[in-house]
K.L.:
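Please read through the structure below; I'll follow up with questions.
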Number of protein chains: 2
Amino acid sequence: MTEQASVSTQQIVEKVWLSIAERRLRPGVQLKEGHLAEIFDVSRARIRQALTALEREGLVTIIPNRGAYVCQPSVDEARDVFFVRRSVERCVVERICKSTSKADVSRLRSHVARERVANANDATTDIIKLSGGFHLLLAELSGSDFLFGMMRDLISRTSLITAVYRNTARFNCGPDEHDEIVEAISAGDGEKALRLMQHHLDHVEAELDLREVRDMSHDLKAALA
Amino acid sequence: MTEQASVSTQQIVEKVWLSIAERRLRPGVQLKEGHLAEIFDVSRARIRQALTALEREGLVTIIPNRGAYVCQPSVDEARDVFFVRRSVERCVVERICKSTSKADVSRLRSHVARERVANANDATTDIIKLSGGFHLLLAELSGSDFLFGMMRDLISRTSLITAVYRNTARFNCGPDEHDEIVEAISAGDGEKALRLMQHHLDHVEAELDLREVRDMSHDLKAALA
DNA sequence: GAAACCAATTTTGCCGACAATTTAGTTTAA
DNA sequence: TTAAACTAAATTGTCGGCAAAATTGGTTTC
């Protein structure tokens with residue numbers, strides 16, 4: 001018999017995060033500690049940790065004595081996130097363009113290459129992770145820890161918003177626009193990189209359907225399977 | 001006999017936050033769960049919650065299996081926080097200037113008035129809370145939940161940095177500069193408000209002594225008394 | 001004399017169980 | 001018929017205790 005190592009808090013967070021991003025867990029669903037504990041086969045204490053982490057990332061709302069629910073971002077909140085993202089991403093690109101090393105460009109290129117592979121294979125999970133990861137990598141290369149943390153928050157919130165409001169079947173944060181941005185940075189053309197980034201964010205936001213959605217899935221166990 | 005209600009998690013966070021901001025808890029000090037539990041007379045579980053909250057605010061670092069320590073922000077990290085603050089505060093002021101109501105200005109004026117009172121009375125605790133609160137109020141009035149949350153993070157980190165690196169005895173975030181900013185906003189002069197805010201942040205950063213500090217206080221109980 | 005090792009103590013991580021609160025269902029009265 | 005009130009079930013909040021990991025202090029060895 002093999003010793004069955006229990007699931008870590010981080011793994012639970014990622015699993016729930018993915019389930020939300022892939023629209024298997026719908027906004028408004030209550031995440032009951034007991035159910036999750038049973039599903040992941042861990043104690044409720046660990047579930048609790050995961051839920052507070054998810055609250056910090058803006059994916060769930062915890063109401064005292066009432067429980068944790070998948071966030072239902074309003075249209076205003078969605079626009080708010082995109083507004084802040086525009087500012088932050090501008091900041092990031094500006095900083096990167098001030099001092100780019102060859103190693104940085106190489107990391108960016110290899111990341112975009114992985115995005116292409118995921119897209120070619122239609123690997124939904126990888127596509128979601130990597131398209132967010134691109135922007136996260138940019139923040140990392142900007143050299144500001146605080147911007148990095150902020151981008152982390154913004155990306156998880158954007159994932160939720162995209163999951164709720166997107167109307168197209170395809171994920172919109174494709175590798176082509178990422179690629180253009182990388183090449184502009186590599187060429188040292190800061191102006192162009194900034195312009196491309198703004199357009200990129202415009203496209204992502206433009207593909208959202210900003211009508212209110214009220215939908216619930218009670219199939220918690222199946223969604224997390 | 002009166003029923004002794006136990007201390008809430010939030011109260012513990014605030015208490016530790018203040019102790020750090022007032023330099024009674026020095027950077028690098030380990031915050032042992034057992035000791036804190038004894039000091040506040042609560043269970044370790046609640047201390048644990050408070051510590052994770054403090055970690056999120058950037059005031060303590062939690063190392064797995066090793067414990068929680070008061071953060072020791074490096075000079076680079078300090079500059080990083082101020083860099084981001086400049087961008088965010090610019091964003092906030094721009095948004096406020098676009099649409100200011102009389103009620104907003106009135107709230108700002110009354111806040112600055114409270115700052116004046118605290119300064120006149122030399123009430124250190126109030127001065128710290130209110131000077132941060134001014135910037136937080138600006139973020140609130142900007143109407144962006146995300147900017148508000150970000151400013152919350154930035155302020156707590158700035159408090160830590162100020163506690164570590166300031167060389168003057170006085171707190172620098174005085175009400176006079178705040179007052180000027182409010183009046184510029186009230187007059188609808190966005191350009192001036194922005195300029196004043198930048199100068200204000202310059203002053204705050206300029207009064208920091210950016211040499212490394214290595215100091216520890218073991219007097220945990222006294223610092224929290 | 002210094003480095004390495006080992007045991008005893010301290011501290012963190014985790015889980016199960018109990019208490020408090022909320023929710024859902026049923027009864028009762030207007 | 002409706003609404004309030006009461007009861008039972010379910011869910012969250014909290015605590016104490018135990019296991020695992022790390023620190024400390026002393027001892028041995030080279």
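These numbers come from the heavy atoms of this one structure, side chains and all, not from hydrogens, waters or symmetry mates.
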K.L.:
Check nucleotides 14-18 of chain C against the protein and report each pair of N or O atoms closer than 3.5 Å, with its distance, or say if there are none.
P.N.:
residue : atom : partner : partner atom : Å
C:dC14  : OP1  : A:Arg46 : NH2          : 3.2
C:dC15  : OP2  : A:Ser43 : OG           : 2.7

K.L.:
Which nucleotide sits closest to the side chain of B:His35: C:dT11, C:dG13, D:dG13?
P.N.:
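Nucleotide nearest to B:His35's side chain: C:dT11.
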
K.L.:
For A:Asp145, is there any backbone N or O sitting under 3.5 Å from a side-chain donor or acceptor partner on B:Asp80?
P.N.:
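Looks like yes, one N/O pair under 3.5 Å.
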
K.L.:
Test of understanding: with side-chain hydrogen bond (donor to acceptor under 3.5 Å, both in side chains), list the residues that count as partners of B:Arg44, not counting sequence neighbours.
P.N.:
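Partners of B:Arg44 by the side-chain hydrogen bond (donor to acceptor under 3.5 Å, both in side chains) criterion, ordered by chain and then number, come out as B:Glu33.
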
K.L.:
With rounding to the nearest 0.5 Å, note down the distance linking CZ in A:Arg95 to CG in A:Leu138.
P.N.:
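Rounded to the nearest 0.5 Å, the CZ-CG separation comes out at 13.0 Å.
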
K.L.:
Going by atom types only, do A:Glu115 and A:Ser131 share a side-chain donor-acceptor pair under 3.5 Å?
P.N.:
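No pair is found: no donor N or O on one side chain lies under 3.5 Å from an acceptor on the other.
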
K.L.:
Expressed as a whole number of angstroms, how long is the span from A:Leu36:CG to D:dT11:C1'?
P.N.:
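Nearest whole value for this atom pair: 13 Å.
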
K.L.:
Listed in order of residue number, which residues of residues 52-68 of chain A have a non-hydrogen atom at under 4.0 Å from DNA chain C?
P.N.:
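Residues of residues 52-68 of chain A under 4.0 Å from DNA chain C: A:Asn65, A:Arg66.
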
K.L.:
Looking at every heavy atom in both B:Met151 and B:Ala139, which two are closest together, and how far apart are they?
P.N.:
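Minimum heavy-atom separation between B:Met151 and B:Ala139: CB-CB, 3.8 Å.
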
K.L.:
Starting at NZ of A:Lys32 and ending at P of C:dT22, how long is that distance when rounded to a whole Å?
P.N.:
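The answer, rounded to whole Å, is 16 Å.
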
K.L.:
Over how many whole Å does the gap from A:Ile47 atom CD1 to D:dT11 atom P extend?
P.N.:
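Rounded to the whole Å, the gap is 14 Å.
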
K.L.:
Over how many whole Å does the gap from B:Phe40 atom CZ to D:dC15 atom P extend?
P.N.:
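It is 14 Å, rounded to the nearest whole Å.
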
K.L.:
Would one find a side-chain N or O of A:Gln30 under 4.0 angstrom from OP1 or OP2 of D:dT12?
P.N.:
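For D:dT12, OP1 or OP2 has a side-chain N or O of A:Gln30 closer than 4.0 Å.
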
K.L.:
How long is the line joining CG of A:Leu51 and C1' of D:dG13, in whole Å?
P.N.:
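It is 13 Å, rounded to the nearest whole Å.
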
K.L.:
Salt bridge between B:Glu94 and B:Arg90, side-chain N to carboxylate O under 4.0 Å?
P.N.:
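So B:Glu94 pairs with B:Arg90 through a salt bridge.
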
K.L.:
For the residue pair B:His178 and B:His200, categorise the inter-ring angle as parallel (less than 30°), tilted (30 to 60°) or perpendicular (more than 60°).
P.N.:
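Geometry flag for B:His200 against B:His178: perpendicular rings.
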
K.L.:
May I ask you to say whether B:Arg107 pairs ionically with B:Glu140, meaning some side-chain N is under 4.0 Å from a carboxylate O?
P.N.:
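Judged by the 4.0 Å cut-off on N to carboxylate O distance, B:Arg107 and B:Glu140 do form a salt bridge.
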
